[in-house]
Amino acid sequence: MISVGLARQTILAHIRTLPGELVPLTEVMGRYLSEDIIADFAIPLWDNSAMDGYAVRLTDTAAIPARLPVTQVIPAGSTSQPLQPGSAARIMTGAPIPQGAEAVVMREDTHELGEYVEIKRAPKKDENIRFKGEDISLGSVVLKRGTLLGPSQIGILASLRRSQVPCARRPVIAVLSTGDEVVDLDQPLTPGKIPSSNSYTLVSLVKELGAVPLYVGIARDNRADIENKLAAAAKADLILTSGGVSVGDFDLIKDVMTSGENRMEFWQVAMKPGKPLAFGFTGSIPTIGLPGNPASAMVSFYQFARPAILSLLGANVICLPSLKARLITPIKKKADRPHYIRGLLTGGEDLRVQASGAQGSGILSSMAAANCFIVIPKEQELAQAGELVDCEVFGAILPEHSSS
Ligand code: AMP
Ligand code: MG
């Protein structure tokens, strides 16, 4: 049995980031950059006004009120003429600052008198001027390789006129469920059978990361069927199986992983839930054998499959964010393995957390109510109320009043 850290490290050591491809800007939401983005021009492109107002020279507004002739009007989208000494230019937000102007006085601080303007407040140097390159300077690395592209990053790419963006290819992740008792939703639920919830959670988890699920179905608990179904995963970048990886008579994933061209790197991880976990290769495809219990499968996905998929994508953050929160109700455990408790984290002045429900490895309702894993280390037997505990966050943190 190996530690969570070593298990993850071993898996990641076998994962190579996929090559990039050019993707239209309209399609890059949720994708990862495969190259640094270097600004090939400055943003803003030229000095421009942050306000509707009057562009002036400071010497002309030293004595207040100052009455100045308005010698030009500069709408956004136009160009400007140099500002004549002793005059003002009416300027709109986003319009280019005329050469020689040192500040823009906002319209609210002026009084308009036909062809003249009275400046009622002396501006400071550079006031209301947005300078060339103040947002993004020419030649700077504005977005790093491995960045997840969301609305603001896409806005920057648009500002830089990148209509095609280098993104990591989306990995294809095969999902195989196993179990003689497990049936898909269109099959009769005869006595002894259960619906394959893992098929749906795992496919959804894959989708959530921006990878492409390749669902290959449910294998019966026999080697031939498992191998047969795995054959359909030949084009995948990673295979996830669920079930059949424990010590039961019909747990055959390990057998398949150790036969023929396949190879198993490790089996069993010191954690609860999620101890039965195998990692190896189906042919040359990295394969993670997740536990069958629905909550265990999800915990193990978050600990091992998620970082592997994000690593295929070249993401620069691959583990769940971790933070400390104050425990509301105590947690008792054996000093055997680290526990990953499904938890509900609430915000406010002090982050607080508590178990989100019963922790049996088959219980999915507490997973559905959770937004984090409370991680209690191996040796610890009791986490007291009020103690600060580590939480690995995977869902939105709720506001304080929603905690019970
Ligand atoms: P196993 O590791 O195959 O013994 O499975 C452990 C537990 O998880 C058993 O109770 C299974 O019925 C259950 N299980 C396995 N696969 C699935 C699945 N695809 N959906 C829901 N439960 C499952
Ligand atoms: Mg099984």
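Since the model is a prediction, treat every value here as computed from it, not as a measurement.
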Engineer: Tell me, please, which residues at least two apart from Y116 pass side-chain hydrogen bond (donor to acceptor under 3.5 Å, both in side chains).
Structural biologist: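 Y116 satisfies side-chain hydrogen bond (donor to acceptor under 3.5 Å, both in side chains) with no other residue.
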Engineer: Residues in side chain to side chain contact (heavy atoms under 4.5 Å, CB included) with D221, at least two apart?
Structural biologist: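 Partners of D221 by the side chain to side chain contact (heavy atoms under 4.5 Å, CB included) criterion, ordered by chain and then number, come out as T178, D180, E181, F250.
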Engineer: Which side-chain N or O atoms in residues 277-297 pair as donor and acceptor under 3.5 Å with protein atoms at least two apart or in another chain?
Structural biologist:
unit_1: T282; atom_1: OG1; unit_2: T287; atom_2: OG1; d: 2.7
unit_1: T287; atom_1: OG1; unit_2: T282; atom_2: N; d: 3.2
unit_1: T287; atom_1: OG1; unit_2: I285; atom_2: O; d: 2.9
unit_1: N293; atom_1: ND2; unit_2: S361; atom_2: OG; d: 3.4

Engineer: Checking H111 now: which residues fulfil side chain to side chain contact (heavy atoms under 4.5 Å, CB included) with it, not counting sequence neighbours?
Structural biologist: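 Listed in chain order: L113, E118, K120.
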Engineer: Show me the pairs that pass salt bridge (charged side-chain N to carboxylate O under 4.0 Å, His left out) and involve residues 93-107, at least two apart or across chains.
Structural biologist: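 As it turns out, the salt bridge (charged side-chain N to carboxylate O under 4.0 Å, His left out) pairs with a partner in residues 93-107, which skip direct neighbours, are R107-E112.
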Engineer: Test of understanding: with side-chain hydrogen bond (donor to acceptor under 3.5 Å, both in side chains), list the residues that count as partners of R130, not counting sequence neighbours.
Structural biologist: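 R130 satisfies side-chain hydrogen bond (donor to acceptor under 3.5 Å, both in side chains) with N48 once adjacent residues are dropped.
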Engineer: What residues form a side-chain hydrogen bond (donor to acceptor under 3.5 Å, both in side chains) with E265, not counting sequence neighbours?
Structural biologist: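 Checked E265 against side-chain hydrogen bond (donor to acceptor under 3.5 Å, both in side chains); matches are R263.
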Engineer: By the salt bridge (charged side-chain N to carboxylate O under 4.0 Å, His left out) test, which pairs, at least two apart or in different chains, include something from residues 355-381?
Structural biologist: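 Sorted result for residues 355-381: empty, none.
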Engineer: Scan the side chains in residues 317-326 for donor-acceptor partners under 3.5 Å anywhere in the protein, sequence neighbours excluded, and list what turns up.
Structural biologist:
unit_1: K324; atom_1: NZ; unit_2: D390; atom_2: OD1; d: 2.8
unit_1: R326; atom_1: NE; unit_2: D350; atom_2: OD2; d: 3.2
unit_1: R326; atom_1: NH1; unit_2: G386; atom_2: O; d: 2.8

Engineer: Donor-acceptor pairs are to be reported for all side-chain atoms of residues 1-9 against protein atoms at under 3.5 Å, with residues two or more places apart or in another chain.
Structural biologist:
unit_1: S3; atom_1: OG; unit_2: L6; atom_2: N; d: 3.1
unit_1: R8; atom_1: NH1; unit_2: Q303; atom_2: O; d: 3.2
unit_1: R8; atom_1: NH1; unit_2: Q303; atom_2: OE1; d: 2.9

Engineer: Applying ring-ring contact (aromatic ring centres under 6.0 Å, His included), name anything that partners F373, two or more places apart in sequence or on another chain.
Structural biologist: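 Result, ring-ring contact (aromatic ring centres under 6.0 Å, His included) vs F373: Y302, F394.
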Engineer: What pairs with R57 under side-chain hydrogen bond (donor to acceptor under 3.5 Å, both in side chains), at least two apart in sequence or on another chain?
Structural biologist: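 In terms of side-chain hydrogen bond (donor to acceptor under 3.5 Å, both in side chains), with neighbours along the sequence ignored, R57 is linked to no residue.
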